[in-house]
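These notes are about the structure you will find just below.
Fair warning: this is a prediction, and the values are worked out from it, not measured in the lab.
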Amino acid sequence: MRNFITLLIVLVAMNIHAQPLQDTTLQNVSKNIIMEVVKPIETDVSFASVVVMETESGIVRSNINLTRTSQGWEQDDDYKHYVAAGNSRAVLFLALLECGASSGESYHTSGVFTDKQAGCTIKDYNRPIDGWGDIRLDRAMNCSDIVILKACEAHFARSMGTLAYYLGKTGIDLGDKDDERTYEEFCNDYENTPWDPIGILGYRDRITPLQMTIWMQGIANDGRMMMPRFYESDSTKAIYEQMALRRNIDSLKNAMRAEVECGTLRNVASEYVSVSGITNVSQANNIGYRCTMFCGFIPGYTISVNIVMKGSQTLSAHVSIARGIIDWIAQHRLNLRDDKK
């Protein structure tokens with residue numbers, strides 16, 4: 001994963017005069033939806049992105065990366081803008097399944113997740129009214145860092161190198177597989193850790209929107225992660241033929257579908273097409289800024305949305321943008337204007 005940026009820059013340099021595969025209409029629609037949604041909070045937003053890939057081919061149909069400057073919004077085409085890894089709970093969830101964890105195992109949490117913070121209700125997660133209780137691993141994927149961390153502690157406590165190994169089996173090569181520290185030792189020396197297995201829960205800017213989309217495309221494509229294609233001369237090439245066991249990928253996809261149907265992402269559900277996704281709100285590297293994200297898929301397309309903004313007064317912009325783009329693709333690219341999912 002860490003080599004994606006270099007590969008992408010090389011691809012762009014080699015194809016300066018090649019025919020682009022970008023869907024110009026979708027690109028413009030993506031930008032217009034972003035501008036419409038963020039207009040009321042524009043002064044608080046520093047970055048907004050939308051990436052849309054065709055799931056089977058890896059073709060990047062839309063790649064909007066907007067940075068707000070003193071002169072207005074500027075498109076950033078070098079693919080180097082890093083955001084907090086909002087897909088990290090899903091990555092760790094899949095690594096846990098690869099290690100032998102069960103998606104149905106539960107962990108106790110005393111964390112209180114209100115509607116504003118998590119986008120969910122106590123009833124959704126079967127917790128007592130005060131927020132104390134047990135949460136299933138598959139339900140925690142979209143609302144509880146605490147549960148994911150407890151699961152990591154339970155399954156990877158002996159050696160952080162074990163976590164690095166299983167992250168590698170999900171297409172994420174961030175870690176040192178020879179790291180013999182225990183989970184407790186790792187946490188005590190977190191700031192001096194060169195790799196970031198637990199920090200990918202979102203508290204450091206470590207990934208680009210395009211990388212996030214590529215990983216999710218692999219999930220949507222049943223484990224076949226594709227190299228992104230930008231030009232007609234780019235060949236169709238798999239980064240991983242099978243990034244994780246199919247049964248574990250299916251478990252992740254089922255959990256993502258449930259989050260849209262009855263969990264934290266109900267507002268992204270479309271009347272036209274089935275949607276699966278994950279969401280997260282993370283503290284960005286910039287002091288006072290937060291990164292909100294949606295990453296998911298519909299039949300044929302994988303989509304990510306990232307917004308970096310000040311404060312926490314409006315944390316739903318990414319969901320509104322995602323819903324608008326999903327509905328537009330369903331109607332204008334999947335021709336589902338009169339059909340239902």
Side-chain angles (χ1 to χ4, degrees), residues 85-158 162-163 166-167 169-170 172 183 187 197-198 200-203 215-216 218-220 222-223 243-269 274-282 292-297 315 319:
N87 65 331
S88 53
R89 292 195 199 116
V91 171
L92 289 172
F93 175 77
L94 186 57
L96 284 161
L97 295 185
E98 288 287 298
C99 183
S102 168
S103 62
E105 61 190 52
S106 296
Y107 293 87
H108 189 79
T109 177
S110 59
V112 178
F113 297 92
T114 66
D115 285 357
K116 181 178 179 181
Q117 292 170 314
C120 63
T121 64
I122 298 300
K123 183 178 179 181
D124 288 334
Y125 290 91
N126 195 30
R127 285 178 287 176
I129 194 65
D130 62 358
W132 293 67
D134 294 340
I135 302 179
R136 284 168 52 109
L137 187 58
D138 54 358
R139 300 309 305 278
M141 188 180 64
N142 264 306
C143 79
S144 178
D145 288 352
I146 298 170
V147 169
I148 297 296
L149 288 172
K150 284 189 174 183
C152 287
E153 182 177 9
H155 289 276
F156 304 126
R158 291 185 179 181
T162 305
L163 175 53
Y166 284 104
L167 283 173
K169 291 179 71 66
T170 69
I172 304 292
Y183 178 88
C187 291
I198 304 303
I200 64 171
L201 278 169
Y203 297 96
W215 188 86
M216 185 57 69
I219 300 301
D222 296 328
M243 59 186 284
L245 295 176
R246 177 63 185 272
R247 66 173 181 271
N248 293 334
I249 290 174
D250 288 343
S251 293
L252 174 57
K253 292 169 77 171
N254 290 337
M256 291 171 59
R257 178 70 186 277
E259 290 304 324
V260 177
E261 292 182 343
C262 58
T264 61
L265 279 170
R266 290 190 297 271
N267 289 338
V268 86
S274 171
V275 183
S276 299
I278 57 175
T279 186
N280 203 354
V281 178
S282 307
T292 64
M293 64 76 66
F294 165 85
C295 195
F297 52 87
L315 298 177
V319 173

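For the atom pair CG of Leu252 and CZ of Arg247, the computed distance is 14.5 Å after rounding to the nearest 0.5 Å. Distance check, rounded to the nearest 0.5 Å: CZ of Arg139 to SG of Cys262 gives 5.0 Å. To the nearest 0.5 Å, the span separating CG on Leu265 from OG on Ser276 amounts to 10.0 Å. Atom CZ of Arg89 sits about 4.0 Å away from atom CG of Asn280, to the nearest 0.5 Å. Once rounded to the nearest 0.5 Å, the distance linking CG of Asn248 with CG of Leu96 reads 10.5 Å. Once rounded to the nearest 0.5 Å, the distance linking CG of Asn87 with CE of Met256 reads 9.5 Å.
The shortest side-chain heavy-atom distance between Asp222 and Lys253 falls under the 4.5 Å cut-off. Within the 4.5 Å cutoff, no side-chain heavy atoms of Val319 are placed close to those of Phe294. Annotation: side chain of Leu94 is in contact with side chain of Trp215 (closest heavy-atom distance under 4.5 Å). Within the 4.5 Å cutoff, the side chain of Ser102 has no heavy atoms near those of the Leu137 side chain.
The two residues Arg136 and Ser103 make their nearest non-hydrogen contact at NH2-O, 4.2 Å. Residues Leu97 and Ser251 approach most closely at CD1-CB, 3.7 Å, considering heavy atoms. Considering every non-hydrogen atom in both Ile278 and Ala90, the closest pair reads CD1-CB, 3.8 Å. A pairwise comparison of heavy atoms in His155 and Cys99 identifies O-SG, 4.2 Å as the closest pair. Between Ala154 and Tyr107, the shortest heavy-atom contact is CB-OH, 3.9 Å.
A salt bridge is defined here as a Lys NZ or Arg NE, NH1 or NH2 lying under 4.0 Å from an Asp or Glu carboxylate O, and Glu259 with Arg266 fails to meet this definition.
A donor-acceptor pair under 3.5 Å links the side-chain atoms of Glu98 to the main chain of Leu245, judged by distance alone.
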